[in-house]
There are 2 protein chains.
Amino acid sequence: MNPKTDLTQYDHPSVTVDVLVFAIMDDQLKVALIKRGTAPFKNSWAIPGGFVHIDESLEEAAQRELEEEAGVKSVYLEQLYTFGDPERDPRGRVITVAYYALVPDHDIPLSASTDAREARWFAVDDLPPLAFDHKEILQQALERLKSKLEYSNIAYSLLPSKFRLTELQQVYEIILGCQLDKRNFRKRMLSLGLLEATRQLDKSGAHRPAQLYRFKKRKMMIFR
Amino acid sequence: MNPKTDLTQYDHPSVTVDVLVFAIMDDQLKVALIKRGTAPFKNSWAIPGGFVHIDESLEEAAQRELEEEAGVKSVYLEQLYTFGDPERDPRGRVITVAYYALVPDHDIPLSASTDAREARWFAVDDLPPLAFDHKEILQQALERLKSKLEYSNIAYSLLPSKFRLTELQQVYEIILGCQLDKRNFRKRMLSLGLLEATRQLDKSGAHRPAQLYRFKKRKMMIFR
DNA sequence: TGAATAGTGTCTTTCAGACAATATGCC
DNA sequence: GGCATATTGTCTGAAAGACACTATTCA
């Protein structure tokens, strides 16, 4: 049986969404991947995704994937790019609209869903070979994430609602891949006026407790 | 006859590309629009676009539209965003991948192609009502254009290969919609090191001739 | 009191922005 | 010479970056 049959017989491409789910875990930026249970690329790791239903919007489809995969709702979700090379899927013409999501928690269990044998978090700088053009998609997501970190407040979406300034700085350092000066970082963050101190202290360590802050608005803002 | 029939009977969405073609003409930013010759939105103005052929990439489809519409090749072309609301086209499920193009010439004749009664340039701040969700698409393209102008060298793609600094400044002023200081503008542009003086002067006016410059690289570069 | 992290200020450099006079070529 | 545009420099304020010590809590 020709594997292309079910995808191209109508001359309409299939449309999928792929969702890159990012989180900070163990002081690393991690991405959720699934191990494919079916051909093509059976047993390869891939970005979770699926077909767009005929009556749902692209964003709804991405939300649905996100919930199936990581069980999370109301997290940061943004359309990344649409990948449509005719050769990107050996089964036939599949156009995928890639989204990326940022989840604040440090300990999200993943569920292997349809087509997936297994789901796991991978540090983005220690990845297995990926199926399809998923390496390129991931690459592009990382670039977007880095640049958006510099001129927006999306970092809030990788943090719990209250956090120490040191934690915020770690998010920046992990994603940008470089060390930042503590004094300059705090000066800059506080001068943006997007943070406010809460009345709480973090007393979790055997040392001076840290002030906890929150973002005034948990909505993406551009500052340039 | 149910107008949805031909688009949804297979449960696959249709995929189109829409291409926003921008140029500077008469000291205004203009966009190429077509007047639709068929329902829905018959006689409304719309962004030119068409179906993605089953064997061409999205970018190839956009190139093809661009050539059919404006007869231009090798101009700046960038994917903008993918619009996929299930209600965006009354005929059924149509997902469109929007691209925008920047053409350097001041006098591009447009050809009315399939489905179009007429094609015309419109100043972006004097637009007719647009079909579908095309107003939103155009809005988003303008935002992208403005922000990219600030941190990249895409302005080169709206100019001929050699140009006066004054012309370059006009491109910025027209797109950003504000006046810029001539001395500061020139200082900044020259300090970026992306421009080089040619050996030619522009002697077209009854006044002191201007030095002609060119971009060292006619490839999009980010400077941030 | 020692360990561990929190918190803070100054100086320098760089860049953006305000601002106006002179230069050159053509008619 | 008059007109029209081209070309050029200084000052000021803001923000980024380099840099090191004190403060606080807990064990």
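We name chains A, B, ... by the order of the sequence lines, and we start the count at 1 in each one. The basis for the numbers below is simple: all heavy atoms, side chains too, and nothing from hydrogens, waters or symmetry mates.
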What is the per-nucleotide protein-contact pattern of nucleotides 11-18 of chain C, from the 5' end, where B denotes a base atom under 4.0 Å from a protein heavy atom, S denotes such proximity for sugar-phosphate atoms only, and - denotes neither? ------BB

How close do B:Tyr99 and B:Leu58 get, counting heavy atoms only, and between which atoms? OH-CB, 3.3 Å

Pick the nucleotide of DNA chain C nearest each of A:Pro209 and B:Pro209; which residue has the one closer to the 5' end? A:Pro209

Quick one: side-chain hydrogen bond (donor to acceptor under 3.5 Å, both in side chains) partners of A:Gln179, sequence neighbours excluded? none

Between D:dT7, D:dC26, C:dA6, which one does the side chain of A:Lys182 approach most closely? C:dA6

Give me the one residue out of B:Glu118, B:Arg117, B:Lys35 that meets side-chain hydrogen bond (donor to acceptor under 3.5 Å, both in side chains) with B:Asn43. B:Arg117

In whole Å, I'd like the distance from the CZ atom of A:Phe185 to the P atom of D:dA18. 15 Å

Can you list everything that forms a side-chain hydrogen bond (donor to acceptor under 3.5 Å, both in side chains) with B:Arg88? Sequence neighbours excluded, please. B:Asp133

Are any side-chain N or O atoms of B:Asp85 and backbone N or O atoms of A:Ser57, one a donor and one an acceptor, separated by less than 3.5 Å? no

Consider side-chain hydrogen bond (donor to acceptor under 3.5 Å, both in side chains). Of B:Glu69, B:Glu59, B:Glu56, which one does B:Arg64 pass it with? B:Glu56

Angle between ring planes, B:Phe163 versus B:Phe215, binned at 30° and 60°: parallel, tilted or perpendicular? tilted

Rounded to whole Å, CG of A:Leu176 lies from P of D:dG17 at a distance of 12 Å

Ranking D:dT24, C:dC26, D:dT5 by distance to the side chain of B:Ala206, first place goes to C:dC26

Residues that B:Arg164 engages under side-chain hydrogen bond (donor to acceptor under 3.5 Å, both in side chains), provided they are two or more places apart: none

Please confirm whether the backbone N or O of B:Ser157 pairs with a side-chain atom of B:Arg218, one donor and one acceptor, at under 3.5 Å? no

Which atom pair, heavy atoms only, marks the closest approach of B:Phe185 to B:Leu165? CE2-O, 4.0 Å

Between atom CD in A:Gln211 and atom P in C:dT5, what is the gap in whole Å? 19 Å

Would you kindly say whether B:Thr96 and B:Asp18 are connected by a side-chain donor-acceptor distance under 3.5 Å? yes

Considering only heavy atoms, which members of residues 160-167 of chain A lie under 4.0 Å from some atom of DNA chain D? none

Between the protein and nucleotides 21-23 of chain D, which nitrogen or oxygen pairs are less than 3.5 angstrom apart?
unit_1, atom_1, unit_2, atom_2, d
D:dA23, N3, A:Arg208, NH1, 3.3

